[in-house]
> 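This is the structure I have questions about; it appears just below.
In what follows, residues are counted from 1 in the order of the sequence shown.
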Amino acid sequence: MTVWTTDKNQLALFDSIATEYRKTHPEVASVKFDVVPGDTSAYSAALTTQLSGGNPPDLAWILERDAPDFVQSGALTDLKPTLDAAAGYNAAELVPSATKLWTKDSGLYAYPFSTSPFGMFYNKNLLTQAGITETPDQLVASGQWNWDAAKRIATQVAAKDTGKAGLVIREFEYKQWVLLASVWRGFGADAWGPDGKTCGFTSPEMTSAMTFLHQAIFTDKALPGPGTTADFFAGEAGLTIAQISRAGLLKAKPFEWGIVPLPAGPKANAQVIGQAGIGVPVKGKHAKAAADFLAFFTNPANSAKLGQYFPPARESLLNAATLAKANPLFSQEQLQNVVVNGIKTGAVLPSHTGSARIASLVQSALDPMWKPDANVPAALAGVCQAIDPALSQ
């Protein structure tokens with residue numbers, strides 16, 4: 001199975017589940033988790049090369065942005081018959097909003113083993129040092145947690161003599177533009193329409209969202225500009241947008257921290273989900289055995305174990321009390337507000353067929369926007385001009 005993680009604890013958990021599986025399946029000589037290094041683009045490219053080169057893995061960790069390509073192309077095995085037949089699996093409890101991206105007709109072509117909402121982490125020590133009197137938690141309680149408030153806090157942290165950044169959108173780095181959905185969805189914007197054929201970058205809502213973001217970067221200095229990096233988890237920023245699975249980086253408790261849902265925007269209190277599925281390539285050498293292992297890997301008991309890193313898609317596990325057993329870093333209130341509510345009400349990051357090509361086109365077309373004197377509407381018009389032909393295919 002190809003995996004996109006280098007986390008030793010996660011890999012150790014995978015290995016322990018595989019070891020348990022082999023106790024009752026001696027015919028399986030080994031289960032190997034093949035780490036493919038690099039960012040999401042590099043991982044997707046490597047996996048696609050394996051599939052097109054006739055040397056596919058038996059199972060593959062698939063990112064949400066690639067789901068339409070893999071599901072629609074017929075490259076993956078329909079898992080539904082195997083999961084329905086597995087004793088005690090209870091496939092009926094899988095949350096429909098979590099499986100939607102991986103479903104075609106009545107089939108399920110990958111299991112969404114990680115349905116991970118984005119939240120706003122904040123460094124309590126740094127906010128106190130910057131003179132912030134109302135924390136994001138307090139603003140949530142008073143109904144005032146919105147993007148203006150988040151920008152105000154980030155600006156104050158960056159402006160004070162802390163030597164730290166305000167707000168960091170983790171892994172964005174002016175390349176992974178899809179992560180900006182965590183901002184623009186609150187403004188009522190999206191990359192394209194529901195049918196995937198209409199570019200959304202020139203909508204009034206997107207223009208408003210990207211103008212807000214541009215001003216936050218270049219006028220207010222609330223976010224570090226291009227070429228500047230800051231790692232929240234190393235104590236270098238006051239706030240960060242990141243998936244809740246990143247909380248493991250805070251296990252050593254380098255500072256006091258909190259986490260809240262994404263801020264509300266002027267049009268919506270929109271939550272965003274990053275997702276990863278496990279699929280079985282049709283052309284794999286051991287497709288039947290791989291599907292059987294997948295049913296074991298994601299059964300209720302193992303889903304609960306995986307839940308400490310990868311929020312599950314199972315209704316029975318989607319409650320704060322159950323999640324708290326596997327996630328001691330979070331309070332039940334945090335798990336309810338960010339994870340449970342996020343999964344049940346949020347929407348997955350934008351995805352589309354031809355995702356690699358579209359991602360590259362958007363990134364290049366957005367480059368002119370990341371300058372202090374940028375013409376934001378013109379840059380957004382350039383994005384639609386670049387991707388319209390790809391969307392209409």
> Tell me, do Leu101 and Val71 make a side-chain contact under 4.5 Å, heavy atoms counted?
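They are not in contact (no side-chain heavy atoms under 4.5 Å apart), so the answer is no.
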> Looking at Trp102 versus Phe113, is the centre-to-centre ring distance below 6.0 Å?
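Centroid separation for Trp102 and Phe113: 6.0 Å or greater.
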> Would Tyr174 and Asp367 count as having a side-chain donor-acceptor pair, cut-off 3.5 Å?
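No, because no side-chain N or O of Tyr174 sits under 3.5 Å from a partner of the opposite role on Asp367.
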> Any side-chain donor-acceptor pair under 3.5 Å between Asn125 and Thr128?
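No.
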> Side-chain contact, heavy-atom cut-off 4.5 Å: Met1 with Val31?
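Of all side-chain heavy-atom pairs linking Val31 with Met1, none is under 4.5 Å.
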> Under the salt bridge (charged side-chain N to carboxylate O under 4.0 Å, His left out) rule, collect the residues that match up with Lys267, sequence neighbours excluded.
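Expected list: Glu205.
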> Is any side-chain heavy atom of Ile62 closer than 4.5 Å to a side-chain heavy atom of Leu76?
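They are in contact (side-chain heavy atoms under 4.5 Å apart), so the answer is yes.
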> Can you tell me how far the CG atom of Leu262 sits from the CZ atom of Arg185, to the nearest 0.5 Å?
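Between atom CG of Leu262 and atom CZ of Arg185 there are 10.5 Å.
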> Hey, can you pull the donor-acceptor pairs under 3.5 Å for the side chains in residues 219-229, sequence neighbours left out?
unit_1	atom_1	unit_2	atom_2	d
Asp220	OD2	Lys151	NZ	3.3
Lys221	NZ	Phe218	O	3.2

> Which atom names give the shortest non-hydrogen contact between Leu317 and Pro300, and what distance separates them?
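So the two residues come closest at CD1-O, 4.1 Å.
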> For Trp61, which of Phe33, Phe310, Phe70, Phe297 qualifies under ring-ring contact (aromatic ring centres under 6.0 Å, His included)?
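The passing option is Phe310.
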> Show the nearest heavy-atom pair for residues His352 and Gly196, with the distance to one decimal.
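It is NE2-O, 2.6 Å.
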> Examine Arg314 relative to Tyr89 and say whether NZ or CZ is less than 6.0 Å from the centre of the six-membered ring and inside a 45° cone about the ring axis.
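Yes, Arg314 and Tyr89 form such a contact.
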> Quick one: salt bridge (charged side-chain N to carboxylate O under 4.0 Å, His left out) partners of Arg65, sequence neighbours excluded?
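Applying salt bridge (charged side-chain N to carboxylate O under 4.0 Å, His left out) to Arg65 gives none.
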> Distance from Ser392 atom OG to Asp195 atom CG, nearest 0.5 Å?
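Between Ser392 OG and Asp195 CG, I get 11.0 Å after rounding to 0.5 Å.
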> Please tabulate, for side-chain N and O atoms in residues 45-53, each donor-acceptor pair with protein atoms closer than 3.5 Å (sequence neighbours left out).
unit_1	atom_1	unit_2	atom_2	d
Thr48	OG1	Ser44	O	2.9
Thr49	OG1	Ala45	O	2.8
Ser52	OG	Thr48	O	3.0
Ser52	OG	Thr49	O	3.3

> Distance-only, no hydrogens or angles: does the Asp69 side chain make a donor-acceptor pair with backbone N or O of Gly354 under 3.5 Å?
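Answer holds: yes.
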> Give the C-alpha distance, both sets of side-chain angles, the deciding distance and a yes or no for side-chain hydrogen bond (donor to acceptor under 3.5 Å, both in side chains) between Asn327 and Tyr309.
CA-CA 8 Å; Asn327 294 273; Tyr309 303 110; over 6 Å; no
> Rounded to the nearest 0.5 Å, what separates atom CG in Asp15 from atom CD in Gln10?
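It comes to 12.0 Å.
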> Disulfide bond (SG atoms under 2.5 Å apart): which pairs involve residues 220-301, sequence neighbours left out?
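Qualifying pairs, neighbours excluded: none.
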> Can you list the steps and then say if Ile153 with Leu139 is a side-chain contact (heavy atoms from CB on, under 4.5 Å)?
CA-CA 11 Å; Ile153 291 173; Leu139 291 168; 3.9 Å; yes
> Whether the Glu64 and Ser351 side chains hold a donor-acceptor pair (N or O, under 3.5 Å, no angle test) is what I'd like checked.
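Short answer, no.
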> Please check: side-chain N/O of Thr198 versus main-chain N/O of Trp192, any donor-acceptor pairing under 3.5 Å?
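Flag not set: sc Thr198 to bb Trp192 has no pair under 3.5 Å.
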> Report all side-chain donor-acceptor pairs from residues 209-217 shorter than 3.5 Å, counting only partners two or more places apart or in another chain.
unit_1	atom_1	unit_2	atom_2	d
Thr211	OG1	Thr207	O	2.7
His214	NE2	Met369	O	3.4
His214	NE2	Lys371	O	2.7

> Among the clusters formed by ILVMFWY side chains lying less than 4.5 Å apart, do Phe118 and Val260 turn up in the same one?
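Linked within one cluster.
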> Quick test of your reading: applying disulfide bond (SG atoms under 2.5 Å apart), list the pairs with at least one residue in residues 264-300, sequence neighbours left out, ordered by first then second residue.
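Passing the test, one end in residues 264-300: no pairs.
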> Who pairs with Lys344 by salt bridge (charged side-chain N to carboxylate O under 4.0 Å, His left out), at least two apart in sequence or on another chain?
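Lys344 satisfies salt bridge (charged side-chain N to carboxylate O under 4.0 Å, His left out) with Glu315 only.
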> Got a list of side-chain donor-acceptor pairs under 3.5 Å for residues 284-295, not counting sequence neighbours?
unit_1	atom_1	unit_2	atom_2	d
Asp292	OD2	Tyr21	OH	2.5
Asp292	OD2	His25	NE2	3.3

> Under a 4.5 Å side-chain heavy-atom rule over Ile, Leu, Val, Met, Phe, Trp and Tyr, are Leu366 and Ile387 clustered together?
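The answer is yes; both residues are in one hydrophobic cluster.
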> May I ask you to test the Leu380-Met206 pair for a side-chain heavy-atom distance under 4.5 Å?
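A side-chain contact under 4.5 Å exists here.
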> Same cluster or not: are Phe187 and Leu349 linked, directly or through other Ile, Leu, Val, Met, Phe, Trp or Tyr residues, by side-chain heavy atoms under 4.5 angstrom apart?
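Yes, Phe187 and Leu349 fall within the same hydrophobic cluster.
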> Looking at every non-hydrogen atom in both residues, tell me the closest pair between Thr115 and Ala98 and how far apart they are.
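Result for this residue pair: OG1-CB, 4.0 Å.
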> Supply the atom-to-atom distance Asn146 CG to Asn269 CG, rounded to the nearest 0.5 angstrom.
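Answer rounded to 0.5 Å: 9.5 Å.
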> Could you state the interatomic distance from CD (Gln275) to OG (Ser114), rounded to the nearest 0.5 Å?
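The distance works out to 8.0 Å.
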> Take atom CD in Gln72; do more than 12 heavy atoms of anything else shown fall under 6.0 Å from it?
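Enclosed: over 12 neighbouring heavy atoms sit under 6.0 Å from CD of Gln72.
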> Glu333: what forms a salt bridge (charged side-chain N to carboxylate O under 4.0 Å, His left out) with it, not counting sequence neighbours?
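Counting only residues at least two positions away or on another chain, Glu333 forms no salt bridge (charged side-chain N to carboxylate O under 4.0 Å, His left out).
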> Going hydrophobic residue to hydrophobic residue with side-chain gaps under 4.5 angstrom, can you get from Leu179 over to Trp4?
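In one cluster with Leu179: Trp4, no.
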> Just checking, is any N or O donor in the side chain of Gln138 or Trp145 under 3.5 Å from an acceptor N or O on the other one?
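Gln138 vs Trp145: no donor-acceptor pair found between side chains.
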> Test of understanding: clusters of I, L, V, M, F, W, Y form through side-chain heavy atoms closer than 4.5 Å, transitively. Do Val282 and Leu59 belong to the same one?
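Each belongs to a different hydrophobic cluster.
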> Run the numbers on Gln271 and Asn341 for side-chain hydrogen bond (donor to acceptor under 3.5 Å, both in side chains), then give the verdict.
CA-CA 9 Å; Gln271 301 306 305; Asn341 294 347; over 6 Å; no
> Quick check: do Tyr43 and Thr40 have side-chain heavy atoms less than 4.5 Å from each other?
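With C-beta onward as the side chain, the pair stays apart.
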> With a 4.5 Å cut-off on side-chain heavy atoms, are Asp58 and Pro281 touching?
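No. Closest side-chain heavy atoms not under 4.5 Å.
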> Once disulfide bond (SG atoms under 2.5 Å apart) is applied, what residue pairs with a partner in residues 132-239 remain, sequence neighbours excluded?
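For residues 132-239, and leaving out neighbouring residues, the disulfide bond (SG atoms under 2.5 Å apart) pairs sorted by first residue read Cys199-Cys384.
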> Hey, does the side chain of Thr240 reach the backbone of Ala242 with a donor-acceptor pair shorter than 3.5 angstrom?
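No; zero donor-acceptor contacts below 3.5 Å.
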> With distance as the sole criterion, is a donor-acceptor pair present between the side chains of Asp66 and Ser355 under 3.5 Å?
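Yes - a donor-acceptor pair under 3.5 Å links their side chains.
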> Answer yes or no: is there an ion pair linking Lys104 with Asp78, defined by an N-O contact shorter than 4.0 Å?
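Result for this pair is no, no salt bridge flagged.
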> I want to check something: taking the side chain as every heavy atom from C-beta on, are Leu127 and Val157 in contact at a cut-off of under 4.5 Å?
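Counting from C-beta outward, Leu127 and Val157 do come under 4.5 Å.
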> Return yes if a side-chain donor-acceptor contact under 3.5 Å exists between Ser245 and Gln243, otherwise no.
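Result is no, nothing qualifies.
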> Within the 4.5 Å heavy-atom criterion, are Leu167 and Met120 side-chain neighbours or not?
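In short, these two side chains touch, coming nearer than 4.5 Å.
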> Starting from Leu329, walk the hydrophobic network (Ile, Leu, Val, Met, Phe, Trp, Tyr; side-chain heavy atoms closer than 4.5 Å) and list everyone else you reach, by chain and number.
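Besides Leu329, the cluster holds Val95, Phe121, Phe232, Phe233, Ile244, Leu249, Leu250, Phe255, Trp257, Ile259, Leu318, Leu323, Phe330, Leu335, Val338, Val339, Val340, Ile343.
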> Would Arg22 and Glu27 pass as an ion pair if we require N to O under 4.0 Å?
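Here Arg22 does not pair with Glu27 in a salt bridge, since their nearest N and O are not under 4.0 Å apart.
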